[in-house]
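Data first, discussion second: the structure below is written as structure tokens.
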Amino acid sequence: MTKVYKEPNIIFGIEGKAADIYQMRRLPSSNNLIINHKYEGIKVIDPWQNGIEVLSVNFVGDYASSGVVGGWCVSSDGKTLFLMDGEGEKVSLLSLGKSELAYNEVSLPCDYLYNLQHDTRYYWEDGSFWITGGHRLPFYKLEWHEQLPVFVETTSIKARIAHRKWVQTIDKIPTWGANVYRIHPDLGQIIYHIYDKEKRIGMVNWKDGSEWSAPAPEYAPLAAYHNKKMFYILDRECYQINDKCEIEASYPLMLPDPYEYRGLEILPASETTPAALVLMANSSDKDGLHSRFLMYKLEN
């Protein structure tokens, strides 16, 4: 029997222009969330403290004229953010908390960048940042030349030598007919969806070697994994499925139209807080923009 959660344990909101939130991720090595701040920068908020602002960093240089977060990568320590705007053909390397350490001259080929932001497969730990994607995109490695960051094209063999377990793990995800939802570099966790032929949704982990997959439900643009369960969003409802693709729980959007789900994340358990499912919904009406964060406590 499917368990239905109609009321969140915690709910908080953001109003006005700052409520135009279209990206949300957990900040690695913490239980805070990264969200876009309008089209001007990013914010880090504490969801356990009703979304109190922890940090705000504005875009700089050429990126500030576009400011769209089409895709992003975060270092495993949560201290550096790599932003991609495939439409505007811009990238930015942003040091969280130190806006003066922002670089906008880090270039990647335009066609590569557009495909990459829709299927990003990366490793970023201890200052080593390697990135690739589906469609057999080449590997790039971030290097520093004369104190400036430069992405240098490299080979899969060199990537395999440098980070064997990571490359072996991404090898398990097809380069065609699949996409990576997101990566949690601090956990070594990759969440993916195969939409060609076998149609599966799953998780692979390059740190502990764990794997999980299930027959794919109808394609969902957002998904997250926790405790051998997958969470995904379709329209106005979030579903929790097991490895047989059986729906064990649902989280219907308890807010009226025109609210719609735009974000999904899992917060791991800590010494002071349990694991939690975070759903973000927003709307736009005659009274302006509104965003709501709905949190549900989960079993660890």
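One is the number of the first residue; the rest follow in order along the sequence.
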Please answer whether the main-chain N or O of [Y] pairs with a side-chain N or O of [X] as donor and acceptor at a distance below 3.5 Å.
X: Y63; Y: V68; value: yes
X: S65; Y: D62; value: yes
X: Y5; Y: P8; value: no
X: W144; Y: P149; value: no
X: S29; Y: S76; value: yes
X: T132; Y: P138; value: yes
X: T273; Y: A269; value: no

Taking atom types as modelled, is there a side-chain donor on [X] or [Y] under 3.5 Å from an acceptor on the other?
X: R200; Y: S213; result: yes
X: Q23; Y: N36; result: no
X: S75; Y: D77; result: yes

*asked:* salt bridge (charged side-chain N to carboxylate O under 4.0 Å, His left out) for D186 and R26? Distances and angles first, verdict last.
replied: CA-CA 11 Å; D186 53 338; R26 178 179 66 85; 3.0 Å; yes
_Among Y181, Y239, Y261, the one residue meeting ring pair (Phe, Tyr, Trp, His ring centres under 6.0 Å) with Y232_ =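 Single pass found, and it is Y239.
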*Considering only Ile, Leu, Val, Met, Phe, Trp and Tyr, and joining two whenever side-chain heavy atoms are under 4.5 Å apart, list the other residues clustered with V150.*
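Listed partners: V152.
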Testing the basics here: between [X] and [Y], what is the closest heavy-atom pair and its distance to 0.1 Å?
X: L294; Y: L253; answer: CD2-CD1, 4.5 Å
X: I201; Y: M230; answer: CD1-CG, 3.8 Å
X: V180; Y: D119; answer: N-OD1, 3.1 Å
X: M203; Y: Q189; answer: CG-CG, 3.4 Å
X: D85; Y: L113; answer: O-CD2, 3.9 Å

*Take F231 and Y225 through the test ring pair (Phe, Tyr, Trp, His ring centres under 6.0 Å) and record every step on the way to the result.*
CA-CA 6 Å; F231 297 79; Y225 173 85; 8.7 Å; no
Please examine the side chains of [Y] and [X], heavy atoms only from C-beta on, and report whether any two atoms are closer than 4.5 Å.
X: L96; Y: T80; result: no
X: V57; Y: L94; result: yes
X: I183; Y: W206; result: yes
X: Y192; Y: V204; result: yes
X: I34; Y: W72; result: yes
X: S250; Y: K3; result: no

_Checking T175 now: which residues fulfil side-chain contact (heavy atoms from CB on, under 4.5 Å) with it, not counting sequence neighbours?_
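side-chain contact (heavy atoms from CB on, under 4.5 Å) check on T175 returns R136.
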_Which residues share a side-chain contact (heavy atoms from CB on, under 4.5 Å) with P47, sequence neighbours left out_ =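 Scan of P47 (side-chain contact (heavy atoms from CB on, under 4.5 Å), adjacent residues dropped) gives F12, N32, L33, L267, M295.
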*Go through the steps to decide whether S128 and W130 satisfy the test side-chain hydrogen bond (donor to acceptor under 3.5 Å, both in side chains), and finish with yes or no.*
CA-CA 7 Å; S128 183; W130 296 67; 3.0 Å; yes
*Charged N to carboxylate O below 4.0 Å: is that the case for E265 and R182?*
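So E265 pairs with R182 through a salt bridge.
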*Are E53 and K43 ion-paired here, with the side-chain N under 4.0 Å from a carboxylate O?*
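A salt bridge links E53 with K43.
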[X] vs [Y] aromatic rings, parallel, tilted or perpendicular, using cut-offs 30° and 60°?
X: F151; Y: F129; value: perpendicular
X: Y22; Y: Y39; value: parallel
X: W166; Y: Y123; value: tilted
X: H193; Y: Y195; value: parallel

*After noting the C-alpha distance and the side-chain angles of E248 and N242, does the key distance pass the side-chain hydrogen bond (donor to acceptor under 3.5 Å, both in side chains) rule?*
CA-CA 7 Å; E248 297 185 338; N242 59 24; 3.1 Å; yes
*Decide side-chain contact (heavy atoms from CB on, under 4.5 Å) for L264 and C238; before the verdict, give the C-alpha distance in whole Å, the side-chain angles of both, and the deciding distance to 0.1 Å.*
CA-CA 9 Å; L264 167 64; C238 176; 4.2 Å; yes
*Show your reasoning for whether salt bridge (charged side-chain N to carboxylate O under 4.0 Å, His left out) applies to K229 and D243.*
CA-CA 7 Å; K229 313 290 181 186; D243 58 3; over 6 Å; no
*S210 vs D208, side-chain hydrogen bond (donor to acceptor under 3.5 Å, both in side chains): CA-CA, chis, key distance, verdict*: CA-CA 6 Å; S210 60; D208 63 19; 2.7 Å; yes
